[in-house]
> 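One structure follows; several queries about it will come next.
Naming: A, B, ... by sequence-line order, numbering from 1 per chain.
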There are 4 protein chains.
Amino acid sequence: MIRGDGELKEGKGPVRTGVTVILPRGRENRDPVYAGWFSLNGNGEMTGTTWVEESGFLEGPVGLTNTHSVGTVRDSIIAWQVKQKALKQPWSLPVVAETWDGYLNDINGFHVKQEDVFAALNAARSGPVAEGNTGGGTGMVCYGFKGGTGTASRVLSGDDGAYTVGVLVQCNCGRRPQLMIAGVPVGKEIPEGKAQAGLPGSESQGDVGSIIIVVATDAPLLPHQLKRLARRASLGLARTGSVSGNSSGDIFVAFSTANPYADAPPGPNVVRTVSNERITPLFAATVEATEEAIVNAMVGAKTMTGVDGHTVVALPHEDLQRVLKKYHR
Amino acid sequence: MIRGDGELKEGKGPVRTGVTVILPRGRENRDPVYAGWFSLNGNGEMTGTTWVEESGFLEGPVGLTNTHSVGTVRDSIIAWQVKQKALKQPWSLPVVAETWDGYLNDINGFHVKQEDVFAALNAARSGPVAEGNTGGGTGMVCYGFKGGTGTASRVLSGDDGAYTVGVLVQCNCGRRPQLMIAGVPVGKEIPEGKAQAGLPGSESQGDVGSIIIVVATDAPLLPHQLKRLARRASLGLARTGSVSGNSSGDIFVAFSTANPYADAPPGPNVVRTVSNERITPLFAATVEATEEAIVNAMVGAKTMTGVDGHTVVALPHEDLQRVLKKYHR
Amino acid sequence: MIRGDGELKEGKGPVRTGVTVILPRGRENRDPVYAGWFSLNGNGEMTGTTWVEESGFLEGPVGLTNTHSVGTVRDSIIAWQVKQKALKQPWSLPVVAETWDGYLNDINGFHVKQEDVFAALNAARSGPVAEGNTGGGTGMVCYGFKGGTGTASRVLSGDDGAYTVGVLVQCNCGRRPQLMIAGVPVGKEIPEGKAQAGLPGSESQGDVGSIIIVVATDAPLLPHQLKRLARRASLGLARTGSVSGNSSGDIFVAFSTANPYADAPPGPNVVRTVSNERITPLFAATVEATEEAIVNAMVGAKTMTGVDGHTVVALPHEDLQRVLKKYHR
Amino acid sequence: MIRGDGELKEGKGPVRTGVTVILPRGRENRDPVYAGWFSLNGNGEMTGTTWVEESGFLEGPVGLTNTHSVGTVRDSIIAWQVKQKALKQPWSLPVVAETWDGYLNDINGFHVKQEDVFAALNAARSGPVAEGNTGGGTGMVCYGFKGGTGTASRVLSGDDGAYTVGVLVQCNCGRRPQLMIAGVPVGKEIPEGKAQAGLPGSESQGDVGSIIIVVATDAPLLPHQLKRLARRASLGLARTGSVSGNSSGDIFVAFSTANPYADAPPGPNVVRTVSNERITPLFAATVEATEEAIVNAMVGAKTMTGVDGHTVVALPHEDLQRVLKKYHR
């Protein structure tokens with residue numbers, strides 16, 4: 001799995017947005033991967049899910065961006081696939097998801113362009129993932145702190161198959177008082193200052209914002225099993241305090257890089273599948289990695305000022321350590 | 001796949017009911033089969049579907065009976081599995097579905113008993129399936145004619161894999177004027193006589209009754225692919241005229257006898273899957289076999305008199321031939 | 001409900017595409033409508049469905065276009081809503097669906113532009129709907145004949161509530177031999193000539209193409225009831241012969257123009273709902289109107305030549321009448 | 001809402017089971033309630049959900065029992081409805097759910113009988129709910145401690161509508177090391193003794209057991225909104241440490257006692273609905289009440305010895321207080 005963040009050219013308003021792409025088998029290998037998805041609260045968009053659900057496959061890159069740039073990213077991925085002669089069918093149905101960055105970003109300036117998407121696709125590479133204010137996560141706000149892109153992974157024991165589960169979040173969800181880290185009510189212990197008064201999600205009515213979660217594994221899971229993994233991302237999210245409020249677009253997709261050429265014609269094709277009786281450790285890994293990736297998105301983010309002079313502060317690391325210690329962690 | 005119809009002991013009212021069981025791999029082989037299900041209109045019951053959806057597997061027999069005997073059949077299947085030491089997990093979640101036979105049967109007499117279920121399970125065998133007034137289909141009414149159990153199958157060409165698709169219906173749906181056979185408006189050409197005035201489904205408000213459709217194949221399909229097959233049963237049903245009215249329980253399940261030991265621990269296990277690009281002929285076979293099985297349920301049924309002196313007439317074969325000829329078939 | 005078709009500026013290849021928009025309550029009234037959706041075979045895209053499913057509402061226009069222009073149409077609808085100050089939330093999640101027109105259209109030329117979408121939105125009006133080669137339906141192929149946009153409606157009797165059900169299809173599905181009209185195997189009676197040899201959908205492997213179906217009603221249906229209507233579109237499609245092959249994107253959405261201000265804050269709001277016991281006539285109307293709209297799409301279409309010299313002939317009206325007569329219609 | 005627990009006659013093995021029933025509008029009022037359901041992990045049974053999903057209504061009592069008695073409870077509810085002349089349709093499709101109590105109970109003795117179900121239905125009453133080892137929850141094990149029936153509720157502020165959300169759980173899920181209470185890793189702080197070695201759920205492979213969650217509210221929510229509530233039960237469960245392992249049947253149903261006569265024919269009927277923008281406090285209440293109900297099931301339970309000399313100890317209250325204090329609660 002490789003992933004790239006596009007650089008953005010400046011526009012009218014403060015541009016605090018971008019695009020993140022994930023290429024499940026890398027740029028050159030267009031072999032589809034088995035996938036499944038789940039919507040915990042669907043106030044958001046993830047294109048391409050109807051075909052994922054029907055076919056069991058994710059056939060190309062996953063794109064993550066802001067809410068109002070999903071269409072551009074989607075069609076640009078197709079244009080890139082056309083150029084690369086990488087269409088699996090005569091058409092393409094890309095998976096592109098979003099969270100809303102309008103508190104910091106000039107979202108209605110529609111600043112993400114085809115060239116940004118191409119740049120992200122062409123720059124994608126293996127290795128450590130930049131976290132915080134990067135790519136699609138650039139302008140995100142998470143539990144009243146600066147959010148963004150976060151990642152984490154777990155490796156199962158050899159007895160459990162030695163599989164890896166990796167999670168990438170684009171985290172833009174929650175209100176400050178909800179935030180829990182390792183079971184500790186961090187959000188209540190670090191209350192919002194006056195400066196945060198107008199922050200989305202600070203009102204009593206509930207969450208503003210959303211979280212997109214991408215779960216990747218090398219465990220040989222079939223589509224219906226990957227849907228089970230996607231659903232577990234909910235439980236990791238819950239551990240950080242979210243109740244998945246009405247305005248959240250909490251949409252998750254899981255894919256497996258195992259089982260190459262599972263849909264190659266003419267078939268029938270041979271694939272492997274984890275026994276359901278042995279799948280629980282993969283569930284636990286998904287829950288844990290999701291919880292950690294959300295924390296990492298906040299820990300990796302930096303204070304940012306954007307449109308209308310809005311500023312969102314980063315999670316103060318010292319305060320976090322102090323609070324965790326207070327609660328015996 | 002083997003299937004058995006239980007004999008019923010007589011009860012208070014006219015007993016016009018029974019139980020049909022389908023054992024996907026036969027009585028001795030308890031290896032689960034991949035399965036998927038679909039509800040076109042859910043005014044009915046099919047127990048066990050939550051686990052089919054989650055696990056991808058059908059772990060035991062499928063039972064078909066009347067609406068008010070589903071529970072007895074379900075628990076009786078468990079009791080039989082306990083006796084046979086055939087539980088896959090420490091518990092069992094049988095798939096049992098139903099249609100309502102209360103126009104002809106003393107349904108509230110609860111006449112199906114554990115011994116009937118055991119008898120059906122123990123009598124199940126391979127080979128031709130009795131059609132019409134048999135097993136769970138005993139008291140059914142279909143498009144205003146006597147309905148019941150019907151079956152049909154298609155064998156794909158060698159180029160398409162030479163797979164077989166078999167369909168069994170317990171047909172209890174539709175109103176007379178809706179009936180179409182081979183595109184011909186048979187129902188309108190054979191109007192109901194006075195005797196039929198009180199028949200369920202003869203009112204303008206819509207269907208009474210339901211149809212359960214079981215699709216079985218030896219094509220190596222994964223659970224998400226079998227769900228696609230189950231959904232196609234809708235299209236075969238539509239060709240016979242149904243609009244799947246509010247009071248219909250039109251619930252379908254599809255399973256594949258391929259891929260033995262797909263869930264055997266510890267795994268991972270090797271399974272085969274038809275390429276999605278080659279799956280359409282299996283869809284077509286499902287549509288055609290469903291349409292034909294519904295017709296066969298009516299053609300195989302005999303006129304029956306039941307509770308309250310209700311009589312439902314069989315589809316008159318001569319009239320059917322006359323009408324088909326009139327419409328150039 | 002008003003609907004507009006955008007004019008398209010010419011591009012490099014033969015441009016045989018466009019965009020159709022449906023504004024459920026007209027251009028000025030942005031009050032959301034209750035909605036539900038269903039995917040019979042999801043080899044296609046309908047954006048915005050995750051929020052329709054979650055919220056029960058369709059909050060803006062529905063757009064229909066070709067597969068590779070969905071993103072442009074989606075973001076353009078947002079841009080238009082921003083200009084009109086017509087966003088319900090700080091963000092928008094438009095519903096945009098597609099069928100593939102690459103046999104006649106230079107689909108990879110990405111010819112649909114923001115100005116075309118704006119033009120369609122601004123030109124939308126009440127009244128008769130242009131059928132055949134128009135809007136998003138411009139380059140469509142249906143059962144081996146020229147397809148496109150089709151519409152039909154049914155009005156229920158006063159006893160059934162006097163409600164109207166209207167259906168609009170963007171019809172691009174099926175192979176010639178499958179075509180049935182009024183139960184008659186029209187497709188087999190009007191075989192393809194040599195010129196059609198390379199036509200999508202003429203191969204034995206199955207369908208190429210898709211159908212988007214939009215069901216609109218003034219019956220006061222709640223979201224879960226509208227989903228039932230959307231599912232019935234399947235049955236109307238089945239009557240025209242489709243088996244909903246693997247490569248079909250057969251995706252349906254239904255909405256109701258009843259129940260104004262159903263989501264207005266602060267609420268709670270008062271809405272009306274049809275009793276489920278009285279909903280079957282609405283199902284029947286949906287099935288019938290869908291079947292007719294598909295035929296109307298073909299009847300209204302004209303022979304078209306597009307990319308690579310491809311020509312798709314219109315359904316010959318005289319042949320159709322001859323065949324229907326032969327089968328006693 | 002009233003609820004009754006049936007007394008059980010003794011059978012062969014130690015009988016550690018029972019049945020709990022919930023009558024949404026009480027015993028005399030058979031008016032259906034709007035409902036929605038969700039399966040987080042479907043290794044379990046909840047009958048009747050297909051009709052809940054289709055119709056939007058829960059038409060009778062909810063029954064909770066052990067896995068192998070679901071059928072008896074289901075058919076017995078029908079028999080009781082027949083006696084009471086309380087069938088809404090000519091048939092009934094009861095909602096009956098289960099968790100597995102075979103570690104303590106002679107589950108294959110099938111000890112729940114029709115008379116027990118009738119007794120529970122006839123004894124149901126309003127008021128405080130017995131918790132712990134009662135009704136269907138009698139033989140349950142929860143996070144390695146004695147579990148069972150638990151309840152909790154939240155009342156929203158007047159600004160949020162002053163609605164009540166009540167939760168009843170039949171809690172049988174989780175392994176000891178997973179248990180978190182108020183964010184504190186209680187399960188790790190109170191490790192299992194030797195006596196617990198054979199306890200279900202103590203193996204490394206994951207959970208044994210399940211949890212059924214029933215959410216009831218007087219907020220006027222429509223079926224699609226109640227489904228959103230049901231899904232939130234997942235988040236409350238997650239806060240207690242579960243990863244919803246493969247062997248869990250984690251199935252949730254939510255209903256609203258508002259909107260009387262919503263399905264009365266002929267209709268159309270007038271109902272009320274909470275604006276989606278105001279629904280988040282109901283989500284939060286569901287999450288919190290679920291978390292608390294699970295804890296209450298354990299706190300209310302008593303140490304029990306059952307089949308094969310198996311003993312499951314109750315959560316030691318002093319140890320719990322000590323651990324909570326250690327973590328600054």
> Is it the side chain or the backbone of A:Leu40 that comes within 4.5 Å of chain C heavy atoms, both, or neither?
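Backbone of A:Leu40 only, per the 4.5 Å heavy-atom cut-off to chain C.
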
> Is the shortest heavy-atom distance from the side chain of A:Met46 to the side chain of C:Thr50 under 4.5 Å?
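They are not in contact (no side-chain heavy atoms under 4.5 Å apart), so the answer is no.
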
> Would you call A:Arg74 and C:Glu45 a side-chain contact if the rule is heavy atoms closer than 4.5 Å?
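They are in contact (side-chain heavy atoms under 4.5 Å apart), so the answer is yes.
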
> Tell me which of these, A:Thr72, A:Thr47, A:Asp75, A:Leu87, has more heavy-atom pairs under 4.5 Å with chain C than the rest.
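Maximum pair count with chain C is reached by A:Asp75.
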
> Could you look at A:Val82 and say if it's the side chain, the backbone, both or neither that has a heavy atom under 4.5 Å from chain C?
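For A:Val82, side-chain heavy atoms alone lie under 4.5 Å from chain C.
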
> Which answer fits C:Ile107, side chain, backbone, both or neither, if we ask what part of it has an atom under 4.5 Å from a heavy atom of chain A?
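Contact with chain A is absent: no heavy atom of C:Ile107 under 4.5 Å.
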
> Please report the interatomic distance CD(A:Gln81) to NE2(C:His68), rounded to the nearest 0.5 Å.
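Here the interatomic distance stands at 8.0 Å.
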
> Are C:Asn41 and A:Glu54 close enough that some pair of their side-chain heavy atoms sits under 4.5 Å apart?
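They are in side-chain contact.
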
> Chain C: which of A:Gly102, A:Ser69, A:Ser39 shares the most heavy-atom pairs with it under 4.5 Å?
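Heavy-atom pairs under 4.5 Å are most numerous for A:Ser69.
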
> Taking atom types as modelled and ignoring hydrogens, do the side chains of A:Trp91 and C:Asn43 form a donor-acceptor contact shorter than 3.5 angstrom?
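Short answer, yes.
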
> Which one, C:Pro90, C:Pro94, C:Ser55, leads in non-hydrogen pairs under 4.5 Å with chain A?
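Looking at each of C:Pro90, C:Pro94, C:Ser55 in turn, C:Pro90 comes out on top.
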
